[in-house]
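Atoms within a ligand are numbered from 1 in the order they appear, just like the ligands themselves.
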Amino acid sequence: MNADHPFPHSPTELVIDLDALADNWRLLRDRAAAGGAFATAVVKADGYGLGIAPVARALHQAGCRSFFTAHLDEAIRLRAILPDAGVEISAMNGLTPGDEEAYREHRLAPTLNDLGQIERWRAFCRTEETAHAANLHVDTGMCRLGLPWQEVDRLAEEPERLDGVALSYLMSHLVNADDPAAPINRRQRQDFAAICARLPTPMRGRMLANSSGCFLGRDWLFDCVRPGVAIYGGAPNEDGPNPMKPVISLRAKILQIRDVDAPQTVGYGAAHRVERPTRVATVAVGYADGYLRSIGAGPVPTQAVAHVGRQEVPVIGRVSMDLTTLDVTDAPDAAVGAPVEMIGPLNPIDRLAEAAGTIGYEILTSLGARYRRRYVGRAAEGAAEGAA
Ligand SMILES: *Cc1c(COP(=O)(O)O)cnc(C)c1O
């Protein structure tokens, strides 16, 4: 059985458009190229929930040759998917003691996040008498991973700490790039440029921009960019139209329709009161599938919706583990077995995220395993093979 279809009878289908994904990466690549930079791709968390194998193959076909994961294990898995010597794979979360050999064996670059990691990689390179590639991450405001400024100072004063290491990328990460007006964007760019001037020149390049950073302007592009969410269709900016193509559609078939004529409540907690004659449709999408419970729990500033044809239908009541209820009173096409677009061009991930009080990233990375997943697009030919 195809490993992508462990639930072949599921009435809910998750369609992943690999051509849209490839187009999104090319758009980012072209934006970067207009500023003299090249584009890599972040494929952590199973390709933002969409399946690392088909995603990575589609991006490789589109021309991407440098990939970033969070974990070493993700990078090892990716190396098996893209074994070509011309493909660079980096893990960003840092060098854990004892992992050195695994990086070498699978031809992966660790991202060195403090002086201790630099020292350990350097010692490893010395033992092997080979300058193995590694990236260096400097912190310019995230206070998460990367060398803090005190360690950057030490390294700038003692650059021999990097002797014998092949420095591949020199990187930092933006804190608030989705808000172009945030003053911290400019400060981080200046600090990063100043740090780059004090440290050895990396072989592959200096990189700061995530998806949103690609839209801040030329000055944020440096030598290369490191986008993630925008490849998968997420909006890179808080306001304005989303320039990215939608990549996923979640299509559920209506399981049952209930006509409610008297005042009654729908779902757990009697949380939704029906005040008029209402048709309630139930679909097989629940919080166990990553359709977050917060989408339907209690008062929310924005109403979550789905679509029957082009007709918008509100989500009503609480989202249960396996089921969600919709008010289809105004959708004449709603019938048992009829398709409902839960996520798609009419109802993009960022809109659903807003109704859930979260961000598109979490909608993507929460997408459940119980859907029937179908990869479409020219890039899907062969790309979904062995997508386990
Ligand atoms: C996740 C991540 C990215 C990609 O960010 P997006 O906002 O998804 O484009 C880039 N760099 C680092 C360090 C990350 O953790």
Query raised in the report: Is there any ring-ring contact (aromatic ring centres under 6.0 Å, His included) pair reaching into residues 58-97, and which pairs are they, with sequence neighbours excluded?
Result: Phe68-Tyr169
Report task. Report yes or no: do Asp191 and Thr140 form a side-chain donor-acceptor pair below 3.5 Å? Result -> no
Query raised in the report: Is there a donor in the side chain of Asn135 and an acceptor in the side chain of Thr111, or the other way round, less than 3.5 Å apart?
Result: yes
Protein heavy-atom partner closest to [atom] - residue, atom, separation in Å:
atom: atom 11 (N) of ligand 1; answer: Arg226 NE, 2.9 Å
atom: atom 14 (C) of ligand 1; answer: Lys44 NZ, 3.0 Å
atom: atom 5 (O) of ligand 1; answer: Asn210 CB, 3.4 Å
atom: atom 4 (C) of ligand 1; answer: Tyr48 OH, 3.4 Å
atom: atom 9 (O) of ligand 1; answer: Ser211 OG, 2.5 Å
atom: atom 7 (O) of ligand 1; answer: Tyr361 OH, 2.6 Å

List ligand 1 atoms under 4.0 Å from [X], heavy atoms only on the residue side.
X: Val229; result: 6 (P), 8 (O), 9 (O)
X: Val42; result: 3 (C), 4 (C), 10 (C)
X: Met92; result: 12 (C), 13 (C), 14 (C), 15 (O)

Query - Min N/O separation Gly228 to ligand 1 under 3.5 Å - result: yes
Query raised in the report: Hey, would you say the Tyr103 and His132 ring centroids sit under 6.0 Å apart?
Result: no
Query raised in the report: According to the interplanar angle, ranging from 0 to 90°, do the rings of Tyr361 and Tyr48 count as parallel (below 30°), tilted (30 to 60°) or perpendicular (above 60°)?
Result: tilted
**Report entry** Phe38 atom CZ, over 12 foreign heavy atoms within 6.0 Å
**Finding:** yes
Report task. Look at the side chain of Gln264 and the backbone N and O of Val274, then say whether any donor-acceptor pair between them is shorter than 3.5 Å. Result -> no
Report task. Determine whether Arg120 and Pro97 make a side-chain contact, defined as any pair of heavy atoms from C-beta on separated by less than 4.5 Å. Result -> yes
With heavy atoms only and a cut-off of under 4.0 Å, state how [X] meets ligand 1: side chain, backbone, both or neither.
X: Arg144; result: side chain
X: Phe68; result: neither
X: Pro227; result: backbone

For residues 233-259, dump all side-chain donor-acceptor pairs below 3.5 Å to protein atoms at least two apart in sequence or in another chain.
unit_1: Asn242; atom_1: OD1; unit_2: Met244; atom_2: N; d: 2.9
unit_1: Asn242; atom_1: ND2; unit_2: Gly233; atom_2: O; d: 3.0
unit_1: Lys245; atom_1: NZ; unit_2: Asp23; atom_2: OD2; d: 2.6

Report task. Between Met142, His137, Met207, His173, flag the one that comes closest to atom 12 (C) of ligand 1 by a heavy atom. Result -> His173
